[in-house]
Amino acid sequence: MKILYVAGRELAYSRTRIIIKALTERGHEVTTCLPPDKSFKHYPGLLLKTLLQAPRHDIVLTGFYGQLLTPLVRLLTWKPIVFDMYITTYDTMVFDREKARPGSLKAKIYALSDWLSYKAANVSILDSNHVIAHFGEYARSSTSKLRRLFLAVDNTVIYPRERQQKHDAFLVHFHGEYIPFHGVKHIFQAAKLLENENVAFQIIGRGLTFEQDMALLKELNVRNVKILDPVPYAGLATHMAEADVCLGIFGDNMRAELVLTNKVNEAIGMAKPLITRRNAPVQELLQHKESVYLVDAASPRAIADAILELQRDEGLRQKIAENGHRRFLEHGTIQKLGEGLEAILNEVVSKKA
């Protein structure tokens with residue numbers, strides 16, 4: 001199949017890179033219309049290239065940030081369009097960045113942008129049935145043109161590997177941005193509860209709430225947390241390999257109710273036992289105490305108790321790690337992403353024909 005891939009993020013962006021790799025590994029011919037960086041100023045050039053290239057392709061696949069691109073691409077071609085929606089504007093701006101209140105005019109405009117891109121595409125992709133249903137509610141729309149495709153990560157980098165160091169303490173790993181739905185402050189409070197339990201934490205990242213969370217860490221006088229700067233993706237895997245347990249998200253805002261997140265896939269891809277907050281998207285993929293350890297949102301005590309149980313129960317750690325990795329191989333690899341994308345693209349092309 002000849003696929004024209006149009007996205008607003010550069011090749012170095014993880015979702016862009018693995019989409020291209022997933023499709024080319026399946027033998028498809030992929031032509032890309034990509035910017036050199038994430039600036040919107042490149043969009044006119046992308047659209048001009050799309051206009052010129054689309055007639056020579058079987059289908060157009062639009063990627064992040066497609067809420068602006070997809071309706072405009074529809075004006076330029078009648079070729080079938082699949083939109084890898086990935087993240088909705090409404091959820092990002094209302095629940096994550098908190099730029100508008102639910103029900104406000106701005107929130108309705110954000111919802112409209114999602115709806116317009118949905119209407120412009122033949123099929124759009126989201127990562128959980130829960131988010132698909134949520135889209136139908138806030139956009140007041142049918143969801144018949146939405147398909148679920150679980151997140152995938154680069155399994156040429158994320159894979160089980162041996163530890164290179166010996167650690168005296170039980171090592172707990174977290175990586176990600178310091179943002180409300182990740183709930184790093186709850187991890188710090190859990191660490192304080194575990195200061196005398198031979199448990200150490202390594203935290204990698206920066207972000208919006210970094211200074212605030214660092215102030216909390218200092219106020220609590222936590223002694224078992226090591227703060228690390230962001231590292232390249234391969235280095236991230238090296239750090240994860242040293243850990244006994246990996247952490248997901250723990251925030252209690254609406255955004256945390258709606259996300260699966262790459263860090264979930266990365267933990268199970270490394271065959272590490274994962275602790276994360278309970279929400280519907282995670283439970284579409286993983287099961288409590290079988291392939292993940294789920295805890296209540298915003299509960300340092302629950303995080304600490306989960307870490308202690310896994311520290312003391314090697315059999316449970318191993319079961320969760322093995323079953324989690326099995327689910328990763330079933331759904332989270334580039335190869336599985338390619339299979340799922342191919343099925344969706346074939347569905348759209350055959351209907352168009």
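- Figure legend: cation-pi geometry between Arg9 and Phe64 absent, as NZ or CZ is not positioned both under 6.0 Å from the six-membered ring centre and within 45° of its axis.
- Side-chain contact between Asn155 and Lys336 is absent, with no heavy atoms from C-beta onward closer than 4.5 Å.
- The cationic group of Arg161 lies under 6.0 Å from the six-membered ring centre of Tyr159 and within 45° of the ring axis, placing it in a cation-pi geometry.
- Residues Pro36 and Glu10 fail the side-chain proximity criterion, which asks for heavy atoms closer than 4.5 Å.
- Between Thr333 and Leu337, the closest side-chain pair of non-hydrogen atoms is not below 4.5 Å.
- Annotation: Arg97, atom CZ; neighbour count of heavy atoms from other residues, nucleotides and ligands within 6.0 Å does not exceed 12.
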For Tyr178 and Gln212, run side chain to side chain donor-acceptor pair (under 3.5 Å): C-alpha distance rounded to whole Å, both residues' side-chain angles, the deciding distance at 0.1 Å, then the answer. CA-CA 9 Å; Tyr178 287 70; Gln212 179 182 339; over 6 Å; no
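- Annotation: Phe250 is not in aromatic contact with His186 [ring centroid separation under 6.0 Å not met].
- When the shell of 6.0 Å around NZ of Lys185 is examined, it contains 12 or fewer heavy atoms from other residues, nucleotides or ligands.
- Under a 4.0 Å N-O distance rule, the pair Glu197/Arg312 qualifies as a salt bridge.
- Ring pair Tyr118/Phe135: centre-to-centre distance below 6.0 Å.
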Should Leu247 and Thr276 be marked as a side chain to side chain contact (heavy atoms under 4.5 Å, CB included) after you check the CA-CA gap, both sets of side-chain angles, and the distance that decides it? CA-CA 6 Å; Leu247 301 180; Thr276 192; over 6 Å; no
Taking it one step at a time, do Ser350 and Asn346 satisfy side chain to side chain donor-acceptor pair (under 3.5 Å)? CA-CA 6 Å; Ser350 63; Asn346 282 335; over 6 Å; no
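- Contact annotation: the side chain of Leu151 never approaches that of Val264 to less than 4.5 Å [non-hydrogen atoms, C-beta and beyond].
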Which is it for His167 and Glu242 under the side chain to side chain donor-acceptor pair (under 3.5 Å) test, yes or no, and what are the steps along the way? CA-CA 8 Å; His167 300 276; Glu242 299 303 311; 3.1 Å; yes
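- The shortest side-chain heavy-atom distance between Val245 and Phe170 falls under the 4.5 Å cut-off.
- Side-chain atoms of Phe201 and Lys226, non-hydrogen and from C-beta on, never get closer than 4.5 Å to each other.
- Looking at His28 and Glu342, their side chains do bring a donor and an acceptor atom within 3.5 Å of each other.
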Val259/Phe95 under side chain to side chain contact (heavy atoms under 4.5 Å, CB included): CA gap, chis, key distance, verdict: CA-CA 11 Å; Val259 293; Phe95 298 130; over 6 Å; no
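- Proximity of Tyr43 to Tyr65: side-chain heavy atoms (C-beta onward) are separated by under 4.5 Å at one or more points.
- No side-chain heavy atom of Val60 sits under 4.5 Å from any side-chain heavy atom of Thr70.
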